[in-house]
Amino acid sequence: ADALREPVKLFERTPVLSFERQSGHWRIKTPNGSVSASKIILATNGHAQSFGFFRGQLLHIFTYASLTDEFDHKRLGGERNWAATPAHPMGTSLRRVKGEKRDRILIRPRYTYQPSLEVSEADIASAGRLHDRKFKARFPMLEGVAMQYRWGGAMALTWNAVPAFGEVEPGLIAACACNGVGATKASANGIAA
C-alpha cells in the first residue's frame, strides 16, 4: 500500500458488494457509497465466483492452522527460527517462530473442501483435534504446551492448476486462484495484471 501513487486511491476496510459497467467505467458499490474506475483488478481468489466469474471452475479448499502458546526455547533445542514448507500445496506446513526467550510452533496439516466458502467453529475444532494429535506425536518433548490460536483460510484451486487470470471483460482483469502457491503465483499474477 505504501508504494501506491496518484491517481491510485486505497480504501481499506471497504468491502465491495457489487460492480457494474456504466458509460465506459466500472461503478463499484460498497456499504457506504460507490467508486468509479476505468479498470478493475479482481484479486479475490475464490470469491471471483461471488461476482459471477469462473463458476464451476474453482475448487474451494480451506486450510487450517494452529499456533502454540509460547514455550521456553530450551525445551526444543536446535535452531530457533525455521520452517518446513511443502513443495506440494496440500502438504503440511510447520514453522518454529523465535521469540525473545520463548518460541511458538505453527502447524498446518488439515484441508477440507468447502464449496460454500465458509467454515464453522465445528470445522475449526475438528481440525484442531487433528493438529493436537499430530503435534503431540511429533513433539513429545513439548508435552503440556497447548494451542493458543486456531483458524481456517480459503484457497482456490483450478482443475489444471493454472490461475484464473486475464481480462474477463473490457477493463476487468482477474488475478485469482493461486492454487495454494500464493507467494509465487499470486505475486506473479499481480505483477502481470
Side-chain angles (χ1 to χ4, degrees), residues 1-5 8-16 41 43-47 58-114 116-157 161 163 175-193:
D2 292 339
L4 298 175
R5 295 197 174 33
V8 176
K9 291 186 171 88
L10 177 65
F11 298 91
E12 295 183 281
R13 301 180 195 274
T14 308
V16 172
I41 298 174
T44 56
N45 205 5
H47 273 291
L58 304 178
L59 298 170
H60 302 287
I61 306 297
F62 268 72
T63 64
Y64 301 87
S66 294
L67 182 67
T68 66
D69 284 329
E70 293 181 320
F71 59 86
D72 183 336
H73 72 90
K74 294 175 189 166
R75 290 184 66 184
L76 189 54
E79 291 293 321
R80 294 188 55 215
N81 194 8
W82 50 259
T85 303
H88 188 278
M90 295 307 208
T92 296
S93 295
L94 189 63
R95 181 179 180 122
R96 183 175 182 177
V97 183
K98 176 182 166 183
E100 194 169 312
K101 292 186 179 182
R102 301 179 66 75
D103 296 351
R104 295 178 185 265
I105 299 285
L106 177 126
I107 185 169
R108 192 195 70 152
R110 173 91 170 135
Y111 304 87
T112 60
Y113 173 59
Q114 301 291 131
S116 68
L117 287 169
E118 295 181 16
V119 294
S120 67
E121 289 300 320
D123 293 322
I124 293 172
S126 174
R129 288 188 293 275
L130 174 72
H131 292 174
D132 292 346
R133 284 194 312 274
K134 288 184 176 269
F135 180 77
K136 185 176 180 180
R138 174 63 184 89
F139 297 103
M141 71 291 287
L142 296 177
E143 185 174 344
V145 174
M147 297 295 171
Q148 184 173 4
Y149 301 104
R150 299 186 194 278
W151 65 94
M155 73 173 157
L157 305 177
C176 304
C178 66
N179 288 284
V181 204
T184 54
K185 287 186 180 178
S187 296
N189 285 349
I191 292 166

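Since this is a predicted model, take the numbers as computed values, not measurements. The first residue of the sequence shown is numbered 1, and numbering continues consecutively from there.
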Within the structure provided, determine whether [X] and [Y] are in side-chain contact (heavy-atom separation under 4.5 Å).
{"X": "His73", "Y": "Lys98", "value": "no"}
{"X": "Leu142", "Y": "Lys136", "value": "no"}
{"X": "Leu106", "Y": "Tyr149", "value": "no"}

Atom [atom1] in [X], atom [atom2] in [Y]: separation rounded to 0.5 Å?
{"X": "Ile107", "Y": "Tyr64", "atom1": "CD1", "atom2": "OH", "answer": "15.5 Å"}
{"X": "Phe71", "Y": "Lys101", "atom1": "CZ", "atom2": "NZ", "answer": "16.0 Å"}
{"X": "Thr68", "Y": "Phe139", "atom1": "OG1", "atom2": "CZ", "answer": "9.0 Å"}

Using every non-hydrogen atom in the two residues, find where [X] and [Y] come nearest and quote the distance to one decimal.
{"X": "Asn179", "Y": "Pro163", "result": "ND2-N, 3.8 Å"}
{"X": "Asn45", "Y": "Cys178", "result": "OD1-N, 3.5 Å"}
{"X": "Gly77", "Y": "Arg96", "result": "O-NH1, 2.6 Å"}
{"X": "Gly46", "Y": "Leu117", "result": "O-CD1, 4.1 Å"}

- Message: Between Asp123 and Ser120, do the side chains contain a donor N or O and an acceptor N or O under 3.5 Å apart?
- Response: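 Yes.
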
- Would you check, one step at a time, whether the test salt bridge (Lys or Arg N to Asp or Glu O under 4.0 Å) holds for Asp132 with Arg150? CA-CA 11 Å; Asp132 292 346; Arg150 299 186 194 278; 2.8 Å; yes

- Walk me through it: do Gln114 and Thr112 pass the test side-chain hydrogen bond (donor to acceptor under 3.5 Å, both in side chains)? CA-CA 6 Å; Gln114 301 291 131; Thr112 60; 3.0 Å; yes

Heavy-atom donor-acceptor pair, [X] side chain to [Y] backbone, under 3.5 Å:
{"X": "Ser126", "Y": "Ile124", "value": "no"}
{"X": "Arg104", "Y": "Arg95", "value": "no"}
{"X": "Arg5", "Y": "Ala3", "value": "yes"}

- Please report the C-alpha distance between Val145 and Ile105 in whole Å, then the side-chain angles of each, then the deciding distance to 0.1 Å, and finally whether the side-chain contact (heavy atoms from CB on, under 4.5 Å) criterion is met. CA-CA 10 Å; Val145 174; Ile105 299 285; over 6 Å; no

- Check the pair Asp69 / Met147 against side-chain contact (heavy atoms from CB on, under 4.5 Å), numbers first and verdict last. CA-CA 6 Å; Asp69 284 329; Met147 297 295 171; over 6 Å; no

- For Arg75, all residues meeting salt bridge (charged side-chain N to carboxylate O under 4.0 Å, His left out), sequence neighbours excluded: none

